[in-house]
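Please read the structure below before turning to the comments.
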There are 2 protein chains.
Amino acid sequence: MDQPRRQYRRESEQSRRASLIAATQSLVAEGGPQAATVRAIAARAGVTPGLIRHYFRTKDDLTRAAYIALMDGMTDKGADALEGVGAMPEERLAAFVAAGLRPPVLDSAAVGLWAGYMHQVRNDPVLLQVHEAGYLRYRDALEALIAALPREADAAQLRAEAIACNALIDGLWVEGSLLPGSFAPGEIITIGLRSVGAILGVDLLAHSAMVSDTGKKLT
Amino acid sequence: MDQPRRQYRRESEQSRRASLIAATQSLVAEGGPQAATVRAIAARAGVTPGLIRHYFRTKDDLTRAAYIALMDGMTDKGADALEGVGAMPEERLAAFVAAGLRPPVLDSAAVGLWAGYMHQVRNDPVLLQVHEAGYLRYRDALEALIAALPREADAAQLRAEAIACNALIDGLWVEGSLLPGSFAPGEIITIGLRSVGAILGVDLLAHSAMVSDTGKKLT
DNA sequence: GCCTGAGTTATACATTTGGATAATCTCGCG
DNA sequence: CGCGAGATTATCCAAATGTATAACTCAGGC
């Protein structure tokens, strides 16, 4: 009557850590930190709970690793957005803004992850540092793109504009991710481009006409 | 050696419910939903855990009540912002925007609360309805204020502008609450007014000059 | 082909959690 | 001043959680 011991495959440390981290992220995204119990994580990753402790000294370690992986991924996506885009400042800024307002960045799970980790980030110095670094990197990239526009602007103005544009993108990101059914396809991107343009006094919509919703250039 | 039974005071149902709700909110704001255990809530409210069940059938009931109270409070604050302000459309809009960008709305605990409840809201139909109602009420109020501006704008444009302004306010709210040290006093409000004005093509800063940082009219 | 070591599972444990129930204390009312 | 009602506490309980440890099994080296 006692079933045989579950059979398994040995896998590389790399792939096991990755799948445990992925399981953690998806659980936090769906149900918040409280849903990411060791047992739930193990089940989703297809292993038994004990294995977690084999790869992570403690559950907090896994949590931290999952958050760091999240931030790294976001940064990479930001950099990708400028890949292969023209040299014209308006075009580059438009591509950057649009990239933050469509999947995979604009995604219900991403907002859920971000919210789920907020408290852990606030109470953990290590995560706080990771978070601030990622946040400022994004805002600095935005400010650099704004500074490259053919306008006259002093440092204080650039800073204020970067804060405003960043807030606008963040707000649209949250709105669009949380209420995906309330917006027509591409509506969030259009609103984002028009509003950022209005704040900066340039026309971004005209410079993004050649970029489709998927981010690929139309040919 | 056995200490006597802890002495207590009987209080009205109203005040007990209120203090339990307040305790729940502060705990969620500080440490997320996981920090709001029945024992922690009871301790913060100065009662024993069993009392929670006397006033709320289950812990989920208390959680729901705390969220509903939060949303109601936000709505009230939004209405208060328009109290005693002049009739000029620009002035009213400026007051509304500014109210969302200073305490008590702009507050680290408020963002923490919002984030902490996000998953619970997403997975609970009752809370979801409360949330959507509160959200749309805010956005509609904003759209009405925008529509009152002396400009020409069709319905589609008004909708898009309301979405954009709402996102901007939300984003600044999050940024300002999470990184309070990064901004000079009033900087968030100034940026918000200027940016909303830019999006709508009106000058809100001029019409808010008579409103100080505390929201009281200067005399 | 076996045998050793590391990857993986199974089991156990102390703690914490939300919930249930009975005992007890407070306070308004006669 | 007594007393009854119900507000509040104390105690108990089953389930879930993170962690520790022992047992097993897969894979490569001799």
Side-chain angles (χ1 to χ4, degrees), chain A residues 1-24 27-28 30-67 116-117 119-120 123-124, chain B residues 1-24 27-28 30-67 116-117 119-120 123-124:
Chain A
M1 209 49 177
D2 53 342
Q3 50 241 14
R5 174 175 273 245
R6 157 190 189 142
Q7 63 184 21
Y8 57 91
R9 281 187 45 212
R10 302 174 89 126
E11 302 227 351
S12 73
E13 167 166 355
Q14 187 183 11
S15 94
R16 274 280 130 92
R17 292 181 88 97
S19 63
L20 287 173
I21 286 175
T24 304
L27 281 166
V28 172
E30 289 169 21
Q34 44 196 337
T37 69
V38 284
R39 286 165 177 81
I41 294 169
R44 182 157 298 197
V47 298
T48 49
L51 192 61
I52 290 178
R53 259 189 63 74
H54 187 82
Y55 288 108
F56 299 92
R57 207 173 52 76
T58 175
K59 191 201 161 190
D60 273 358
D61 272 19
L62 170 54
T63 292
R64 264 188 279 265
Y67 183 73
Y117 277 123
H119 292 98
Q120 203 139 6
N123 298 325
D124 182 330
Chain B
M1 210 46 179
D2 52 345
Q3 49 241 15
R5 173 177 272 246
R6 156 190 189 144
Q7 62 185 23
Y8 57 92
R9 282 186 43 212
R10 301 177 92 136
E11 304 228 349
S12 73
E13 167 167 355
Q14 188 184 8
S15 96
R16 274 281 130 92
R17 292 180 89 97
S19 63
L20 287 172
I21 286 175
T24 304
L27 281 165
V28 172
E30 289 168 23
Q34 44 197 335
T37 69
V38 284
R39 286 165 176 80
I41 293 169
R44 182 157 299 195
V47 298
T48 49
L51 193 61
I52 290 179
R53 259 189 62 73
H54 187 81
Y55 287 108
F56 299 92
R57 208 172 53 76
T58 175
K59 190 201 162 190
D60 274 356
D61 272 20
L62 169 54
T63 292
R64 266 189 277 266
Y67 184 73
Y117 276 124
H119 291 97
Q120 203 138 11
N123 298 326
D124 182 330

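In what follows, chains carry the letters A, B, and so on, assigned in the order in which the sequence lines appear, proteins first and then strands, with residues in each chain numbered from 1.
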Within this structure, what is the [atom1]-to-[atom2] distance between [X] and [N], rounded to whole angstrom?
X	N	atom1	atom2	answer
B/Leu20	C/dG18	CG	P	14 Å
A/Ile41	C/dT9	CD1	C1'	18 Å
B/Leu27	C/dT17	CG	C1'	15 Å
A/Arg64	D/dG18	CZ	P	15 Å
A/Arg39	C/dT15	CZ	P	16 Å
B/Gln7	D/dA7	CD	C1'	15 Å
A/Arg17	C/dT8	CZ	P	12 Å

Requested in this report: Quick one: closest heavy-atom pair of B/Ala45 and B/Ser19, and the distance?
Outcome: CB-O, 4.0 Å

**Report entry** Position toward the 5' end of DNA chain C (nearest nucleotide), B/Val38 or B/Tyr8
**Finding:** B/Val38

Report task. For B/Ser12, enumerate each residue passing the side chain to side chain donor-acceptor pair (under 3.5 Å) test, keeping only those at least two apart in sequence or located in another chain. Result -> none

Query raised in the report: Going by number, which of residues 46-62 of chain A have a non-hydrogen atom under 4.0 Å from DNA chain D?
Result: A/Arg53, A/Thr58, A/Lys59

**Report entry** All salt bridge (Lys or Arg N to Asp or Glu O under 4.0 Å) counterparts of A/Asp60, not counting sequence neighbours
**Finding:** none

Query raised in the report: Who are the side-chain contact (heavy atoms from CB on, under 4.5 Å) partners of A/Ala35, not counting sequence neighbours?
Result: none

Query raised in the report: From the list C/dT17, D/dT17, D/dT8, which nucleotide is the closest neighbour of the side chain of A/Thr37?
Result: D/dT17

Report summary line: Testing C/dT8, D/dT8, C/dC13 for proximity to the side chain of A/Glu11, the answer is C/dT8

Report task. Indicate, with a heavy-atom threshold strictly under 4.0 Å, whether A/Arg9 touches base, sugar-phosphate, or nothing. Result -> sugar-phosphate

Query raised in the report: Just checking B/Glu13: base, sugar-phosphate only, or nothing, at a heavy-atom cut-off of under 4.0 Å?
Result: nothing

Query raised in the report: Can you find a pair of side-chain heavy atoms, one from B/Leu62 and one from B/Val38, that are under 4.5 Å apart?
Result: no

Report task. Examine the base of C/dT9 for any acceptor or donor lying under 3.5 Å from a partner atom in the side chain of A/Arg6, and report the outcome as yes or no. Result -> no

Query raised in the report: Taking only residues at least two apart or on different chains, which pairs with a member in residues 31-40 of chain A satisfy side-chain hydrogen bond (donor to acceptor under 3.5 Å, both in side chains)?
Result: none

Requested in this report: Determine which pairs satisfy side-chain hydrogen bond (donor to acceptor under 3.5 Å, both in side chains) with at least one residue from residues 43-59 of chain B, sequence neighbours left out, and list them in order.
Outcome: B/Ser26-B/Arg44, B/Glu30-B/Arg44

